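The block underneath contains the structure these notes are about, expressed in structure tokens.
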Amino acid sequence: MRQMFSSIATRYDVTNEVMSLGIHRLWRRAAVKYSGAKEGDRILDCATGTGDLALSFKRKVGASGHVVGTDFCPEMLQSAPGKASEAGLQVEFQVADAMALPFADASFDVASISFGIRNVDDPVKCLKEMARVVKPGGRVVVLEFGQPQGLFGALFRVYAKTIMPALGGLLTGNRTAYEYLPRTAAAFPSGDAFLALMDQAGAYHERVAHPLTFGTSYVYVGTVR
Ligand SMILES: C[S@@+](CC[C@H](N)C(=O)[O-])C[C@H]1O[C@@H](n2cnc3c(N)ncnc32)[C@H](O)[C@@H]1O
């Protein structure tokens, strides 16, 4: 997994932009909004990759807030500090596994993960670990692909099966990664099935699913016990 992300790291942002037609920006904005993050909050963005969600959170929490972005793949993190300083934002980036976070219990107001939870070995363990580092009453926010239904869903599946691998192969040189990513998205629990995983983690007293773009993605928010 780490090797696959390391091989697409330098072309990851441009590929995201092209494949989602820029819609991933709206989804990240929705994740920040639904998180309830406010000025001065401490935020942890796990599996942050090139740091886009961490930067969105920093814009929200302002200079008095603190944002840490972590990822287990150093190559994915490489461009993140430069992007932050170019945007005039102070964000800390660290190499860390989302299933064994190097932070004390209850040290953040919000922990997030975007398009990362389906890639970890054990999503329930990850949901437990993210809740551990969040204060009681704080929130864990997950942005992840869903499985859109109906005509839009049928068109999306054709797009994911044919155009995504072709474009991904062209832009990153690693077609296999862009066959793997939509395949795992199609197989990963979404909507109520993902909320059931949150229940299995046993760490949340409330959890809610917000569908985005006809269920192509979801923002899940769990309030930590
Ligand atoms: C599809 S990318 C998403 C990156 C970024 N969050 C975004 O929204 O663009 C998935 C990321 O998850 C990271 N990842 C996968 N498993 C991980 C783990 N166990 N701990 C930390 N990062 C992990 C990968 O290195 C990769 O950067």
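One-based numbering, in listed order, for ligands and for the atoms of each. Every value quoted in this text rests on a predicted model; they were computed, and no experiment measured them.
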With sequence neighbours excluded, residues passing ring-ring contact (aromatic ring centres under 6.0 Å, His included) with Phe156:
none
Return the closest protein heavy atom for atom 27 (O) of ligand 1 as residue, atom name and distance.
Asp71 OD2, 2.7 Å
Phe115 heavy atoms, cut-off 4.0 Å: which ligand 1 atoms fall inside?
1 (C), 2 (S), 3 (C), 8 (O), 10 (C)
Assess Asp97 for proximity to ligand 1: is some non-hydrogen atom of it under 4.0 Å away?
yes
Donor-acceptor check, side chain of Arg225 to backbone of His205, threshold 3.5 angstrom: yes or no?
no
Any idea which of Gly49, Ala100, Ala9, Ala47 brings a heavy atom closest to atom 6 (N) of ligand 1?
Ala47
Test of understanding: given a 4.0 Å heavy-atom threshold, classify the contact between Arg28 and ligand 1 as side chain, backbone, both, or neither.
side chain
When you measure from the centre of the six-membered ring of Phe188, is the NZ or CZ of Arg118 closer than 6.0 Å and no more than 45° off the axis?
no
Under a 4.0 Å heavy-atom limit, does Thr48 contact ligand 1 with its side chain, its backbone, both, or neither?
backbone
Is the cationic atom of Arg2 (NZ for Lys, CZ for Arg) positioned less than 6.0 Å from the six-membered ring centroid of Phe72 and within 45 degrees of its normal?
yes
What are the atoms of ligand 1, with element, lying closer than 4.0 Å to any heavy atom of Ala96?
20 (N), 21 (C)
Show which atoms of ligand 1 fall inside a sub-4.0 Å distance from at least one heavy-atom site of Ser114.
3 (C), 5 (C), 6 (N), 7 (C), 8 (O)
What I want to find out is whether Arg42 reaches Asp109 closely enough, with some N-O distance under 4.0 Å, to be called a salt bridge.
no
Identify, for atom 3 (C) of ligand 1, the protein heavy atom at the shortest distance, and state residue, atom and that distance.
Tyr12 OH, 3.2 Å
Does ligand 1 have any atom sitting under 4.0 Å from a heavy atom of Arg2?
no
Nearest protein heavy atom with distance in Å, relative to atom 20 (N) of ligand 1
Ala98 N, 2.8 Å
Hey, would you say the Phe103 and Phe108 ring centroids sit under 6.0 Å apart?
yes
Residue part near ligand 1, for Phe5, under 4.0 Å between non-hydrogen atoms:
side chain
Check whether any side-chain heavy atom of Val61 sits under 4.5 Å from a side-chain heavy atom of Val67, and report yes or no.
yes
Among protein heavy atoms, which lies nearest atom 16 (N) of ligand 1, and at what distance?
Phe72 CZ, 3.3 Å
Taking only heavy atoms of Met76 into account, list the atoms of ligand 1 that are under 4.0 Å away from them.
27 (O)
Are there over 12 heavy-atom neighbours, none belonging to Lys83, within less than 6.0 Å of that residue's NZ?
yes
Centroid separation under 6.0 Å, is that true for the rings of Phe145 and Phe115?
yes
With a cut-off of 4.0 Å, which atoms of ligand 1 are near a heavy atom of Cys73?
25 (O)
Electrostatic pair Lys161:Glu179 at N-O distance under 4.0 angstrom:
no
Take every heavy atom of Asp52, measure it against each atom of ligand 1, and state whether any distance is under 4.0 Å.
no
